[in-house]
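Read through the structure below, which is laid out as structure tokens, and then see the notes.
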Amino acid sequence: MDTITESPLEKPKLILFDVYETLLDMSMVESKMNDLLHSRRAYRIWIEILMQYCLLESSSTQFHDFATVSRTALTTTGDIVGHSVTDQMNEDVMLLMKHAPLHEAVELGLSNLNDLGYRLAALTNASVNIITERMEATGLVSYFEFVISAEQIKKYKPSKEAYEAVSKKARLQPSEILVVTSRGWDLCGAVNAGMKTAFIEHDGRNRYPLAPEPVLKSKNMIDLAQQLGTLFPANA
């Protein structure tokens, strides 16, 4: 299989971050969900179903909020692994998502990118209220120019409309935006919208093999900032 590579990176005018799994560590949610459903595969199954349901929502004229889609995906996951999901289980998972901690190196990495003079923003499928609350609690909100939720657009990532909303908000061309994510489908969606991509290799997460190679690959946010600082020195 031939490897497709994105065109060379020019200095981005905006760096756009995915939130869950990229900035926020979901390992506690993963552990809790696997325990609740008595399956070591439950979380991975839930993620795959959640993504499938988000794609279905974005491909149709209906739109349900993220909490509803997430709960429905968890119920389906329970059916697959043979364990019924109660309302309390759903609430436990959603509560943990509201309190997911930062990945190590995120805060320093964002600080370093801020020192390099980059505009920073975030795009998430989750509710803007949940994300804003979490960012305020972690102190991340001070780094971001804006945060956009797919619920505001009524199209979930990786639909092209979600990324285009960011371009419009930032008043930039898609090619001037670098999307940073640890999710393979997010890379694919961003490239489809004409943006550049950087992959954060958290916990061996896989990229979509048929998508173009990201222009940058980093082990964490500090590494990403160092790479961008080397490519585009602040005082150059």
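What you see is a predicted model; the values in this text were computed from it and never measured.
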Which heavy-atom pair separates P233 from T230 by the least distance, and what is that distance? CD-O, 3.8 Å
For the residue pair Y163 and A190, what are the closest heavy atoms and their distance? CZ-N, 3.7 Å
Answer yes when K219 and E104 have at least one side-chain N-carboxylate O distance shorter than 4.0 Å, and no when they do not. no
Show the nearest heavy-atom pair for residues K157 and C54, with the distance to one decimal. O-CB, 4.4 Å
Heavy-atom check, side chain of L123 versus side chain of V179, under 4.5 Å: no
Any side-chain heavy-atom pair from H99 and M28 closer than 4.5 angstrom? no
Face-on cation placement of K32 at Y43 ring, 6.0 Å and 45° thresholds: no
When rounded to the nearest 0.5 angstrom, what distance separates OG1 in T75 from CD1 in I80? 11.0 Å
Identify, with sequence neighbours excluded, every residue that meets side-chain contact (heavy atoms from CB on, under 4.5 Å) alongside K160. E164, N192, A193
Looking only at heavy atoms, the pair that brings A198 and L187 closest together is O-CD2, 4.0 Å
Using a side-chain heavy atom cutoff under 4.5 Å and only I, L, V, M, F, W and Y, what cluster partners does L95 have? none
For residues V85 and T77, determine if any side-chain heavy atom of one lies less than 4.5 Å from a side-chain heavy atom of the other. no
Do Y118 and F232 have side chains that get closer than 4.5 Å, going by heavy atoms? yes
Check whether any side-chain N or O of R41 sits under 3.5 Å from a backbone N or O of V81 as a donor-acceptor pair, and report yes or no. no
Do NZ/NE/NH1/NH2 and the carboxylate oxygens of E30 and R40 come within less than 4.0 Å? no
Would you please name every residue forming a side-chain contact (heavy atoms from CB on, under 4.5 Å) with T72, sequence neighbours left out? Y53, T68
First locate atom CD of Q52, then atom CD1 of I47, and finally report the distance between them rounded to the nearest 0.5 Å. 13.0 Å
L231 side chain reached by L216 side chain, heavy atoms, under 4.5 Å: yes
Are any of the side-chain heavy atoms of L24 and L102 separated by less than 4.5 Å? yes
What's the verdict on side chain to side chain contact (heavy atoms under 4.5 Å, CB included) for N220 and H103, showing C-alpha distance, side-chain angles and the deciding distance? CA-CA 9 Å; N220 57 39; H103 273 295; over 6 Å; no
Name each donor-acceptor pair under 3.5 Å that joins a side chain in residues 165-178 to protein atoms two or more places apart or in another chain, with its distance.
unit_1	atom_1	unit_2	atom_2	d
E176	OE1	Q173	N	2.8
E176	OE2	K13	NZ	2.9

CD1/I131 to CG/L23 distance, rounded to the nearest 0.5 angstrom? 9.0 Å
To the nearest 0.5 Å, what is the distance between CG (L36) and OG (S31)? 9.5 Å
E21/R183 under side chain to side chain contact (heavy atoms under 4.5 Å, CB included): CA gap, chis, key distance, verdict: CA-CA 8 Å; E21 286 196 345; R183 299 175 183 271; 3.7 Å; yes
Is there a chain of hydrophobic side chains (I, L, V, M, F, W, Y, each step under 4.5 Å between heavy atoms) that links V128 to L50? no
First locate atom CG of L14, then atom CZ of F146, and finally report the distance between them rounded to the nearest 0.5 Å. 5.0 Å
Sequence neighbours excluded, the answer for side-chain contact (heavy atoms from CB on, under 4.5 Å) partners of S218 is I200, D223, L224, Q227
Verdict with supporting geometry, T124 and I130, side chain to side chain contact (heavy atoms under 4.5 Å, CB included): CA-CA 10 Å; T124 177; I130 292 175; over 6 Å; no
Main-chain N/O of A126 paired with S149 side-chain donor or acceptor, under 3.5 Å: yes
Within the 4.5 Å heavy-atom criterion, are T138 and E107 side-chain neighbours or not? no
What distance do L37 atom CG and W46 atom CH2 have between them, rounded to the nearest 0.5 Å? 11.0 Å
Going by atom types only, do N129 and E133 share a side-chain donor-acceptor pair under 3.5 Å? no
Between F17 and L113, is the side chain to side chain contact (heavy atoms under 4.5 Å, CB included) condition met? List the steps. CA-CA 12 Å; F17 292 90; L113 289 171; 3.7 Å; yes
For E10, the salt bridge (Lys or Arg N to Asp or Glu O under 4.0 Å) test, sequence neighbours excluded, returns none
Checking K217 now: which residues fulfil salt bridge (Lys or Arg N to Asp or Glu O under 4.0 Å) with it, not counting sequence neighbours? E213
For A122, side-chain contact (heavy atoms from CB on, under 4.5 Å) partners two or more places apart: V19, M135, F144, V147
Work out which heavy atom in V191 is nearest to a heavy atom in P212; give both atom names and the distance. CG1-CG, 3.6 Å
Run the salt bridge (Lys or Arg N to Asp or Glu O under 4.0 Å) test against E145 and tell me which residues pass, sequence neighbours left out. R119
So, for P158 and L55, which heavy atoms are closest and what is the spacing to 0.1 Å? CD-CD2, 3.6 Å
So salt bridge (charged side-chain N to carboxylate O under 4.0 Å, His left out) across residues 45-70, not counting sequence neighbours, yields none
Which residue pairs pass the ring-ring contact (aromatic ring centres under 6.0 Å, His included) test when at least one of the two sits in residues 59-83, sequence neighbours left out? H38-H83, F63-Y156
Who clusters with L108? Use side-chain heavy atoms, under 4.5 angstrom, across I, L, V, M, F, W and Y, and order the result by chain and number. I222
Side chains of T22 and S182: donor-acceptor distance under 3.5 Å anywhere? yes
